[in-house]
Asker: 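Structure in structure tokens, see below.
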Amino acid sequence: EKKKIGVLVMSYGTPESIEQVEEYYTHIRRGRPPEPEQLQELQERYEAIGGLFPLRQNTDRQVRALQDRLNEGDHPYEFVCYQGLKHARPYIEDGVKQMAEDGIKEAVSVVLAPHYSVMSVGGYNKRAKETAEEVGISLDSVKSYHLHPQLLKALVERVNTSLAKFSVAAEQVRILFTAHSLPEKILEMRDPYPQQLKETSKAIADQVGTTNWEFAWQSAGQTAMPWLGPDILDVLARVRKEEDVRHVLVCPIGFVSDHLEILYDIDIECQDAAKELGIHLERTASLNTDPLYIDTLADVVTQTLQVNK
Ligand code: FEC
């Protein structure tokens with residue numbers, strides 16, 4: 001009989017229907033319901049990507065692929081994956097409680113986002129740990145995996161595939177690596193997030209063999225506090241105006257699957273801006289269930305398990 005290890009796979013979460021957008025948005029805003037205009041604006045963004053919520057299916061597929069991958073090969077464990085979503089059901093707490101109901105005593109958690117911020121992955125891990133302690137599960141959390149060789153390999157392949165779509169030589173394409181912006185106050189906390197993102201960007205650019213790249217933030221929230229910049233829309237305008245850049249490849253390294261922040265913020269909003277500016281803009285394909293990404297996850301989960309045993 002193999003020893004059962006629970007694997008809590010945590011992801012952002014998405015609504016299941018347009019009607020559920022309000023509840024979801026309220027959860028993101030820590031219980032404060034959005035203004036009617038804010039709600040309508042968000043519902044319109046989901047409508048613009050087809051009235052669909054692809055993050056749910058993509059997360060389901062990634063979790064299934066990870067469980068299969070973890071159980072391949074010869075080892076003394078049986079891994080059982082559970083989902084824990086930040087802003088939708090099953091919430092992180094639901095996933096941990098389900099593990100306890102199923103008799104799991106030891107678990108590892110991993111977030112479907114490679115870079116650590118106290119405001120992103122830190123928040124997921126805290127909720128998971130607190131619930132695990134309540135229900136008597138010993139839980140260790142993966143913190144980040146932004147330089148994992150298999151992850152980099154998958155991203156380098158995608159950049160190379162996209163570079164081939166331009167009519168100019170690869171070195172003439174400006175690569176913009178992006179991730180979700182966060183409030184600037186993370187800088188005061190010496191948060192590793194900006195540094196890790198720059199490390200991933202540089203590692204990919206080095207392996208591709210280009211120096212024609214920069215980093216930009218995307219999807220900043222509409223709040224009074226300042227968010228990390230420069231924003232990608234400003235970068236597009238600047239590189240066109242100041243350097244006459246007309247070929248841009250966006251590589252959203254902070255995200256691992258297709259969802260609103262990719263399909264709307266880049267594929268609609270940035271594409272529209274690029275068209276206005278006369279820029280040919282491409283985006284790298286999302287990782288989704290790329291076996292190299294699933295290998296990355298399996299590897300960091302088993303390493304975390306071993307280090308702590
Ligand atoms: O497809 C989908 O349904 C969900 C797409 C989605 C992903 C995502 C990832 C991240 N977020 C992060 C931080 C913040 C902060 C706020 C915030 C707000 C929103 C809103 C929507 C939304 N996020 Fe998100 N995020 C996604 C969607 N996010 C919708 C609300 C409307 C808006 O502001 O656009 C601001 C909260 C506040 O108001 O206080 C902060 C970070 C990530 C990447 C890491 C991760 O996946 O966890 C960081 C996907």
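Because the structure is predicted, anything quoted here is derived from the model rather than measured. Sequential numbering from 1 along the given sequence is applied to the chain's residues.
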Asker: Excluding sequence neighbours, so at least two apart, what forms side-chain contact (heavy atoms from CB on, under 4.5 Å) with Glu243?
Answerer: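 Result, side-chain contact (heavy atoms from CB on, under 4.5 Å) vs Glu243: Arg174, Arg238, Val239, Val245.
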Asker: Between Glu276 and Arg240, is there a salt bridge with N-O shorter than 4.0 Å?
Answerer: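 Salt bridge between Arg240 and Glu276, a charged N being under 4.0 Å from a carboxylate O: no.
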Asker: Just distance, no hydrogens or angles: give the donor-acceptor pairs under 3.5 Å from side chains in residues 161-172, sequence neighbours left out.
Answerer:
residue	atom	partner	partner atom	Å
Thr161	OG1	Glu157	O	2.8
Ser162	OG	Arg158	O	3.2

Asker: If I compare all heavy atoms of Met99 with all of Ile137, which pair ends up nearest, and what's the gap?
Answerer: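 Scanning both residues, the minimum pair turns out to be CB-CD1, 3.6 Å.
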Asker: Tell me every residue that passes salt bridge (charged side-chain N to carboxylate O under 4.0 Å, His left out) with Glu134, counting only those two or more places apart in sequence or in another chain.
Answerer: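 Residues passing salt bridge (charged side-chain N to carboxylate O under 4.0 Å, His left out) with Glu134: none at all.
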Asker: Testing the 3.5 Å rule here: is there a donor-acceptor pair between the side chains of Glu199 and Gln195?
Answerer: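 Side chains of Glu199 and Gln195: pair found under 3.5 Å.
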Asker: Determine yes or no for a side-chain-to-main-chain donor-acceptor pair under 3.5 angstrom, with Tyr145 supplying the side chain and Ala113 the backbone.
Answerer: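 Yes, Tyr145 side chain to Ala113 backbone: donor-acceptor pair under 3.5 Å.
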Asker: Using a 6.0 Å cut-off, check whether atom NZ of Lys4 has over 12 heavy atoms from anything other than its own residue.
Answerer: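 No.
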Asker: Identify, with sequence neighbours excluded, every residue that meets salt bridge (charged side-chain N to carboxylate O under 4.0 Å, His left out) alongside Lys202.
Answerer: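 Counting only residues at least two positions away or on another chain, Lys202 forms a salt bridge (charged side-chain N to carboxylate O under 4.0 Å, His left out) with Asp206.
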Asker: With no hydrogens and no angle check, is any side-chain donor or acceptor of Gln83 less than 3.5 Å from a backbone partner on Gly95?
Answerer: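 Between the backbone of Gly95 and the side chain of Gln83 there is no qualifying donor-acceptor contact (under 3.5 Å).
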Asker: Considering residues, nucleotides and ligands other than Gln57, do more than 12 of their heavy atoms fall under 6.0 Å from its CD?
Answerer: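 Incorrect, the count does not exceed 12.
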Asker: Taking all non-hydrogen atoms of both residues into account, name the closest pair between Asn125 and Ser109 and its distance.
Answerer: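 What the structure gives for the nearest pair is OD1-OG, 4.0 Å.
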Asker: Got a sec, which hydrophobics cluster with Trp227, joining ILVMFWY side chains under 4.5 Å apart, including via others?
Answerer: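 The other cluster members (ILVMFWY side chains, heavy atoms under 4.5 Å, direct or chained) are Met225.
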Asker: Does Lys2 NZ have over 12 foreign heavy atoms under 6.0 Å away?
Answerer: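 Yes, enclosed.
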Asker: How far apart are the closest heavy atoms of Thr26 and Pro34, and which atoms are they?
Answerer: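 Smallest interatomic distance, heavy atoms only, reads OG1-CD, 3.4 Å.
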Asker: Does Gln196 reach the main-chain N or O of His115 with its side chain, forming a donor-acceptor pair under 3.5 Å?
Answerer: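 No; zero donor-acceptor contacts below 3.5 Å.
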Asker: Which distance, rounded to the nearest 0.5 Å, do you find between the CG of Asp290 and the NZ of Lys153?
Answerer: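 Output value for this atom pair is 9.5 Å.
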Asker: The criterion is salt bridge (charged side-chain N to carboxylate O under 4.0 Å, His left out); which residues satisfy it with Glu44, sequence neighbours excluded?
Answerer: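 Salt bridge (charged side-chain N to carboxylate O under 4.0 Å, His left out) list for Glu44, sorted by chain: empty.
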Asker: Could you verify whether a donor N or O on one side chain and an acceptor N or O on the other, from Asn58 and Gln62, lie under 3.5 Å apart?
Answerer: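 Result is no, nothing qualifies.
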Asker: State, to 0.1 Å, how close Leu152 and His146 come at their nearest heavy-atom pair, and which atoms those are.
Answerer: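 Between these two residues, the closest heavy atoms are CD2-O, 4.0 Å.
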Asker: Between atom CD of Glu93 and atom CD of Glu130, what is the distance when rounded to the nearest 0.5 Å?
Answerer: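 Those atoms lie 8.5 Å apart.
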Asker: Without placing hydrogens or testing angles, list every side-chain donor-acceptor pair under 3.5 Å for residues 6-15, not counting sequence neighbours.
Answerer:
residue	atom	partner	partner atom	Å
Ser11	OG	Thr59	OG1	3.2

Asker: Please identify each residue that fulfils side-chain hydrogen bond (donor to acceptor under 3.5 Å, both in side chains) with Gln218, with sequence neighbours left out.
Answerer: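 Thr178.
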Asker: Once rounded to the nearest 0.5 Å, what's the spacing between atom CG of Leu66 and atom CG of Leu297?
Answerer: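 If I round to the nearest 0.5 Å, the distance is 5.5 Å.
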Asker: Quick one: pull up OH in Tyr46 and CD1 in Ile18 and give me the separation to the nearest 0.5 Å.
Answerer: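 Here the rounded value is 8.5 Å.
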Asker: Within the side chain of Thr296, is there an N or O that forms a donor-acceptor pair under 3.5 Å with the backbone of Leu151?
Answerer: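 Yes; judged by distance alone, with no hydrogens or angles, the pair exists.
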Asker: Any salt bridge (Lys or Arg N to Asp or Glu O under 4.0 Å) pairs touching residues 258-268, not counting sequence neighbours?
Answerer: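 Those involving residues 258-268 are Asp258-Arg283, Asp267-Arg283.
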Asker: Going by the rule side-chain contact (heavy atoms from CB on, under 4.5 Å), which residues pair with Thr302 if we only count those two or more places apart in sequence or in a different chain?
Answerer: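 Scan of Thr302 (side-chain contact (heavy atoms from CB on, under 4.5 Å), adjacent residues dropped) gives Leu70, Phe79, Asp299.
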Asker: Let me confirm one number: the CD-CD1 distance from Glu78 to Ile5, rounded to the nearest 0.5 Å.
Answerer: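 The CD1 atom of Ile5 is 10.0 Å from CD of Glu78, to the nearest 0.5 Å.
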Asker: Taking all non-hydrogen atoms of both residues, which atom of Ile232 and which atom of Cys270 are closest, and how far apart?
Answerer: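 Closest approach of Ile232 to Cys270, heavy atoms only: CG2-SG, 3.7 Å.
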Asker: So, does Ser117 use its side chain to make a donor-acceptor pair with the main chain of Met119 at under 3.5 Å?
Answerer: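 Flag set: sc Ser117 to bb Met119 pair under 3.5 Å.
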Asker: For the side chain of Gln38 and the backbone of Tyr25, is there at least one donor-acceptor N/O pair under 3.5 Å apart?
Answerer: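 Here the side-chain-to-backbone pair does not exist.
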Asker: Cluster partners of Leu292, using ILVMFWY side-chain heavy atoms under 4.5 angstrom, listed by chain and number?
Answerer: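 Its cluster partners, ordered by chain and number, are none at all.
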Asker: Got a donor-acceptor contact below 3.5 angstrom from the Ser181 side chain to the Leu228 backbone?
Answerer: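 Side chain of Ser181 to backbone of Leu228: a pair is present.
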Asker: For the pair Thr304 (side chain) and Val142 (backbone), establish whether a donor and an acceptor sit closer than 3.5 Å, ignoring hydrogens and angles.
Answerer: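 Side chain of Thr304 to backbone of Val142, a donor-acceptor pair under 3.5 Å: no, none is there.
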Asker: Please check if the side chain of Asn212 supplies one atom and the backbone of Val173 the other of a donor-acceptor pair under 3.5 Å.
Answerer: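 Yes: the side chain of Asn212 pairs with the backbone of Val173.
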Asker: When rounded to the nearest 0.5 angstrom, what distance separates CD in Glu72 from CD in Gln67?
Answerer: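 Between Glu72 CD and Gln67 CD, I get 12.0 Å after rounding to 0.5 Å.
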Asker: Name all residues meeting the ring pair (Phe, Tyr, Trp, His ring centres under 6.0 Å) criterion together with Tyr82; count only those two or more places apart in sequence or in a different chain, and write none if there are none.
Answerer: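 For Tyr82, no residue satisfies ring pair (Phe, Tyr, Trp, His ring centres under 6.0 Å) once neighbours in sequence are set aside.
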Asker: Only one of Gln20, His27, Glu23, Glu16 clears side chain to side chain donor-acceptor pair (under 3.5 Å) with Arg89; which?
Answerer: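 Exactly one pass, corresponding to Glu23.
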